[in-house]
Participant: 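After the structure tokens below, expect a handful of questions from me.
Order of listing sets the numbers, starting from 1, for every ligand and every atom in it.
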Amino acid sequence: MTATDLTSASAATAEAIALEDEHAAHNYHPLPVVVASGEGAWVTDVEGRRYLDCLAAYSAVNFGHGNPRLVEAAREQLGRITLTSRAFHNDRLGPFVTELAALCGKDMVLPMNTGAEAVESGVKVARAWGYRVKGVAADAANIVVMAGNFHGRTTTIISFSDDPDARDDFGPYTPGFRTVPYGDAAAVASAIDENTVAVLVEPIQGEAGVVVPPADFLPALRALCTEHRVLLIADEIQSGLGRVGATFACDLVGVVPDLYLLGKALGGGIVPVSAVVGDRDVLGVLHPGEHGSTFGGNPLAASVGLEVVRMLASGEPQERARVLGEHLQSRLRSLVGHGVVEVRGAGLWAGIDIDPALATGREACEALMRRGVLAKDTHGSTIRLAPPIVVEQADLDWAVDRLAAVLEEFAVSDR
Ligand SMILES: *Cc1c(COP(=O)(O)O)cnc(C)c1O
């Protein structure tokens, strides 16, 4: 038995956790709750207890568990065909890439599966563009990245992470990346040289604790990239597709990147679907055989992705996240000074720094779990909230009340 406190867990929970701990690699440290089913913003564990899901699989479940429209699209496609490979055309990919490109205001889509693959694909496209279009000397390309970034877990991506847990003992590292402080446009300007092919940025840093940069940061990056003929690549894998109360976090500051990296919610919480979206002068650099994926653009993924895009095209999820988000953020801000040090966020996405003297983020999340709220800690004393956009306002109020109660409980036991 490792890594899991079972003192309060009953038999079915203990059994399920023991099985997983024994045979699944310990690359995660889950809360001791065993989810068995879900609907909308709520999940039910193996004991029949219900929880409000305030993580939504890191925004992969933006449209709620078992979203009827998305499940129907998947079910209908399951009965037709699910995988053809890109060796042949399939009748779902065309509509998906056409409507996704339109949603992004771009020409072309490179379909992949996971977020990390979208990032890897963006890096490769930027390098090929640098050599073939910008005229950078062979193997000399560099990409400017941000301190505190999270872009995934492959060997190249962790090469430009500054999180020791993600990096240590996984070298040697891929060269060609330059790290600058997040939010510091002057540092980006100094890092750019004639061999720079891209600036890769999360418009809001999720894993870092929902860190929102100064409002002039992304516009300054846009101007720098245009001036120096560098691609601006926005990793909107977690921030995009409705979460922040707009289609993209870039929209909040009126910035249009050269490439969008999308993932998570694009698969509707059903299948992994990711994409690089950009214009023909950039994505058009790829030729047959240079990049690919067996599952990328498969008919099941394309059907679900298409339905996600159609839901977003109505603007309704974005508007709902915006309105509910304002309510959530203002309720959370009222906890500042009552066990909360700082609240950051946009739309239905919040990073809450709790007073480290009261509890760690992990302890707070365990206490929230016992009260029926599932959330995730990050970096010591930060709790991150990202409930499905289908959540009801009353549920949000209920969750904030639970958080207030948990903090009050820690404060009392501290006295
Ligand atoms: C989750 C995430 C990724 C990686 O996505 P995976 O599907 O887990 O590979 C990349 N970038 C950002 C900003 C993310 O939040």
Participant: Do Phe217 and Tyr182 make the cut of ring centroids closer than 6.0 angstrom?
Facilitator: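 Ring-ring flag for Phe217/Tyr182: true, centres closer than 6.0 Å.
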Participant: Considering residues, nucleotides and ligands other than Asn27, do more than 12 of their heavy atoms fall under 6.0 Å from its CG?
Facilitator: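 Yes, CG of Asn27 has more than 12 neighbouring heavy atoms, counting only those of other groups under 6.0 Å.
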Participant: Hey, which atoms in ligand 1 end up nearer than 4.0 Å to a heavy atom of Ile237?
Facilitator: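 Those qualifying, in numeric order: 2 (C), 3 (C), 10 (C), 11 (N), 12 (C), 14 (C).
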Participant: Would you please determine whether Tyr58 falls within less than 4.0 Å of ligand 1 on a heavy-atom basis?
Facilitator: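 No, Tyr58 has no heavy atoms under 4.0 Å from ligand 1.
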Participant: Tell me, which protein residue and heavy-atom name are nearest atom 7 (O) of ligand 1, and how many Å apart are they?
Facilitator: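 Minimum-distance protein heavy atom for atom 7 (O) of ligand 1 reads Gly115 N, 2.8 Å.
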Participant: Heavy-atom distance from atom 5 (O) of ligand 1 to the protein below 4.0 Å?
Facilitator: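 It does; a protein heavy atom is within 4.0 Å.
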Participant: What protein heavy atom lies closest to atom 11 (N) of ligand 1? Include the residue and the distance to one decimal.
Facilitator: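 Here the closest protein heavy atom is Asp235 OD2, 2.7 Å.
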Participant: Any idea which of Lys264, Met112, Glu207, Glu202 brings a heavy atom closest to atom 15 (O) of ligand 1?
Facilitator: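 Comparing heavy atoms across Lys264, Met112, Glu207, Glu202, the nearest one to atom 15 (O) of ligand 1 lies in Lys264.
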Participant: Report yes or no: does Asn62 contribute a side-chain atom to a donor-acceptor pair with the main-chain N or O of Leu241 at less than 3.5 Å?
Facilitator: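 Yes, the answer is positive, given that a donor and an acceptor are paired below the 3.5 Å cut-off.
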Participant: Can you tell me how far apart CZ (Arg402) and CE (Met369) are? Round to the nearest 0.5 Å.
Facilitator: 15.0 Å
Participant: Taking the basic N atoms (NZ, or NE/NH1/NH2) and the acidic carboxylate oxygens, is any pair closer than 4.0 Å for Asp397 and Arg331?
Facilitator: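 Yes, this pair counts.
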Participant: Please list the nearest protein heavy atom to atom 9 (O) of ligand 1 with its residue and the distance rounded to 0.1 Å.
Facilitator: Ala116 N, 2.8 Å
Participant: Please check if the number of heavy atoms outside Tyr51 that lie under 6.0 Å from its OH is greater than 12.
Facilitator: yes
